[in-house]
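Counting convention: from 1, in listed order, for ligands and their atoms alike. The structure presented is a predicted model; accordingly, all values stated were derived computationally and were not measured.
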Amino acid sequence: MAVSFAAVNLRTMALRSSSKLLRRSSHLLPPIHMQHSAPPLTRKISMNARSIASQLNRSGLLKTQGLIGGKWSDSYDGKTIQVYNPATGESIADVACMGGKETNDAIASAYDAYRSWSKTTAAERSKLLRKWYDLLMAHKEELAQLMTLEQGKPLKEAMGEVNYGAGFIEFSAEEAKRIYGDIIPAPMSDRRLFVLKQPVGVVGAITPWNFPLAMITRKVGPALACGCTVVIKPSELTPLTALAAAELAIQAGIPAGAVNVVMGNAPEIGDALLASPQVRKITFTGSTAVGKKLMAGSAETVKKVSLELGGNAPCIIFDDADIDIAVKGTLAAKYRNSGQTCVCANRILVQEGIYDKFAKALIDAVRNMKVGDGFGEDVVQGPLINEAAVKKVETLLQDATSKGAKVMLGGKRHSLGFTFYEPTVVGDVNSDMRISREEVFGPVAPLLRFKTEEDAIRIANDTNAGLGSYVFTNSIQRSWRVAEALEYGLVGINEGVISTEVAPFGGFKQSGLGREGSKYGMDEYLEIKYVCLGNMKKE
Ligand code: NAP
């Protein structure tokens with residue numbers, strides 16, 4: 001399939017992201033601009049994006065087809081879906097828009113490949129994973145550019161994601177050799193009891209747009225290391241990074257069918273993965289609503305399920321915190337990826353004695369953050385992913401201010417237009433406002449005041465979510481007390497960025513099931529088999 005650098009209809013662009021559903025089915029409807037009477041405005045793709053895209057195309061990393069059984073494939077009915085640059089609204093490429101049929105073929109090829117891949121030695125799998133890691137790192141800049149182009153995050157942050165994402169492949173290469181079983185002392189002298197760990201089988205991996213590489217490698221690395229094969233479904237908003245990573249997996253020598261990629265019609269692809277008895281595990285990162293559907297849908301064939309879902313992270317600043325460390329940590333925890341991560345601080349709880357001083361220091365720091373196209377120099381805040389994301393921020397902010405919250409900085413769309421939003425600080429927020437109960441997923445820091453340590457813990461735990469949390473204090477005793485009391489899978493103490501491939505990542509309550517990364521993340525792709533050898537006495 002040719003990569004299209006079509007002229008872009010700006011009016012279409014303004015409307016295209018207002019609803020995922022609308023875009024997903026846009027190939028079935030007349031073009032969106034034709035549904036409106038205003039004359040369309042057009043402009044060509046910028047030279048910057050065009051030259052990056054052509055460079056990627058030349059290096060063979062700009063893939064637009066799905067990957068089934070080791071072959072790049074168009075969708076069977078020829079439908080495509082456009083991928084856009086959220087910073088400019090320009091079209092980057094048309095990619096195959098796949099559905100149930102392609103997914104079933106991808107499952108069949110993964111099932112076929114499983115027979116041989118699961119029989120390879122740990123050392124063989126480790127070598128190939130290591131090679132994949134080396135290729136990801138060798139193409140770090142191109143992958144980062146691709147990510148900035150389709151997701152909007154600043155290039156420096158995108159480079160950081162390549163390091164982080166590739167790290168899961170490197171860690172899995174090492175850990176492949178350490179999938180040990182057990183020998184259990186038998187209760188009877190004529191028996192020997194063993195525990196074997198075996199791959200679970202074919203894995204369906206569904207991932208979101210906010211970390212287009214790392215959310216994939218975090219699943220595929222351990223799956224392959226354990227001897228599983230995978231069908232990946234990246235987000236329709238950011239499939240290009242996933243496809244480039246899959247191309248590098250092929251170049252690394254990972255056999256045909258072990259890694260498959262399908263994208264397009266998410267419900268159809270999801271349904272095919274759920275319905276197949278050959279798919280033995282679903283691993284999902286995304287919204288809690290979709291995660292619940294996948295969990296329910298897995299019941300029919302009793303699949304193993306791992307879910308990394310939404311958060312509502314509290315960031316607690318105690319009176320005794322070092323204010324510079326607290327501001328630096330809060331900036332990182334709140335504004336990374338323009339506030340679009342599942343572990344972004346969603347509620348900043350500030351003790352009353354330090355509230356005014358902290359708010360002023362935070363505002364001063366936020367004011368200095370440069371907003372712009374992720375390729376721009378010194379830019380630390382890119383655009384939001386789409387119009388729906390901006391609307392959500394506006395709705396939650398409007399709800400908060402109507403109930404007494406005060407905008408202290410920002411609070412509106414950025415003059416750059418498109419989906420840029422001003423980095424915002426809003427004070428006098430309370431727990432009844434929607435902004436405290438839902439993920440804002442944008443560059444808005446809501447400040448809530450609290451009196452005592454008990455208050456902070458109660459407010460922090462008053463949510464169905466339980467993923468990331470942060471505590472800023474200079475008291476060792478308090479940091480232990482609060483870390484133990486928080487009902488969260490991750491706690492950062494005096495630190496705003498804590499994710500790493502070597503530590504377990506995952507949520508309590510409705511933030512998910514299972515863990516990714518570290519030795520614990522390997523268990524998600526393994527079955528435990530107990531073997532009893534009896535009658536030892538007689539020869
Ligand atoms: P989303 O709408 O749930 O989408 C996630 C993935 O699921 C996408 O690939 C999406 O496809 C797909 N999908 C949607 N409906 C589906 C269906 N019926 N069947 C199968 N797949 C389906 O979430 P998002 O908006 O992309 O991501 C943001 C959310 O992810 C936030 O809530 C965030 O907190 C969470 N998140 C969690 C973690 C974590 O580790 N806990 C990490 C990152 C993000 P399309 O995009 O193609 O529609």
Side-chain angles (χ1 to χ4, degrees), residues 17 19-26 66 81-83 95-100 103 150-151 161 164-165 168 204-216 218-219 231-239 241-242 261-275 279 282-298 305-313 336-337 339-346 384-386 388-389 392 438-442 464-468 488-490 498-499 504-517 521:
S17 50
S19 132
K20 270 191 173 186
L21 194 63
L22 195 55
R23 272 179 301 112
R24 186 174 295 127
S25 51
S26 61
I81 196 160
Q82 282 192 304
V83 181
V95 301
C97 180
M98 298 176 148
T103 307
E150 67 176 345
Q151 202 271 337
E161 184 178 337
Y164 175 54
F168 286 100
I206 303 176
T207 57
W209 49 266
N210 61 348
F211 289 94
L213 180 69
M215 296 303 102
I216 290 174
R218 200 156 86 159
K219 300 175 186 317
V231 177
I232 305 166
K233 196 219 83 70
S235 169
E236 61 167 335
L237 301 173
T238 56
T241 309
V261 187
V262 289
M263 67 269 161
N265 187 327
E268 257 195 45
I269 295 170
D271 287 349
L273 290 170
L274 292 175
V279 175
I282 293 287
T283 170
F284 171 76
T285 298
S287 62
T288 305
V290 173
K292 285 179 181 176
K293 272 190 206 163
L294 296 173
M295 190 175 173
S298 295
V305 179
S306 298
L307 302 171
E308 295 286 351
L309 309 178
N312 183 1
R336 193 156 61 106
N337 203 4
Q340 303 172 108
T341 87
C342 51
V343 288
C344 271
N346 205 51
L384 298 194
I385 189 68
N386 59 20
K392 184 173 185 199
E438 298 173 37
E439 274 181 304
V440 63
F441 239 60
N464 286 332
L467 190 59
Y488 287 81
L490 316 164
I498 60 171
S499 306
F505 188 104
F508 282 23
K509 299 190 205 167
Q510 295 185 26
S511 282
L513 286 178
R515 292 294 179 270
E516 292 191 325

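- A salt bridge (Lys or Arg N to Asp or Glu O under 4.0 Å) check over residues 283-294, counting only residues at least two apart or in different chains, returns nothing.
- Ligand 1 has a nitrogen or oxygen under 3.5 angstrom from a nitrogen or oxygen of Leu309.
- Checked by distance only, ligand 1 and Lys293 stay at 3.5 Å or farther apart across all their nitrogen or oxygen atoms.
- In this structure Glu268 satisfies the salt bridge (Lys or Arg N to Asp or Glu O under 4.0 Å) test with no other residue, sequence neighbours excluded.
- Closest non-hydrogen pair, Phe505 versus Leu467, comes out as CE2-CD1, 4.1 Å.
- Residue contacts with ligand 1, taken as heavy atom pairs separated by less than 4.0 Å, do not involve Thr341 at all.
- Relative to atom 10 (C) of ligand 1, the option among Glu308, Met215, Lys233 with the closest non-hydrogen atom is Lys233.
- For Glu150 and Thr241, the side-chain atoms include at least one donor-acceptor pair closer than 3.5 Å.
- Between Arg218 and ligand 1, a contact under 3.5 Å exists for at least one N or O pair.
- Heavy-atom contacts of Asn210 reach the following atoms of ligand 1: 43 (C), 44 (C) (cutoff under 4.0 Å).
- Set against the non-hydrogen atoms of Thr285, the atoms of ligand 1 under 4.0 Å away are 5 (C), 36 (N), 37 (C), 38 (C), 39 (C), 40 (O), 42 (C), 43 (C), 44 (C).
- The residue Phe211 has no part lying near ligand 1, judged by heavy-atom distances below 4.0 Å.
- Counting heavy atoms under 4.0 Å from ligand 1, residue Glu439 touches it through the side chain alone.
- The distance criterion of under 3.5 Å between nitrogen or oxygen atoms is met by Gly286 with respect to ligand 1.
- Listed by number with element, the atoms of ligand 1 under 4.0 angstrom from any heavy atom of Leu467 are 41 (N).
- Within ligand 1, the atoms closer than 4.0 Å to a non-hydrogen atom of Gly270 are 19 (N), 20 (C), numbered from 1 in the order shown.
- With a 4.5 Å cut-off on side-chain heavy atoms, Thr285 and Glu516 count as touching.
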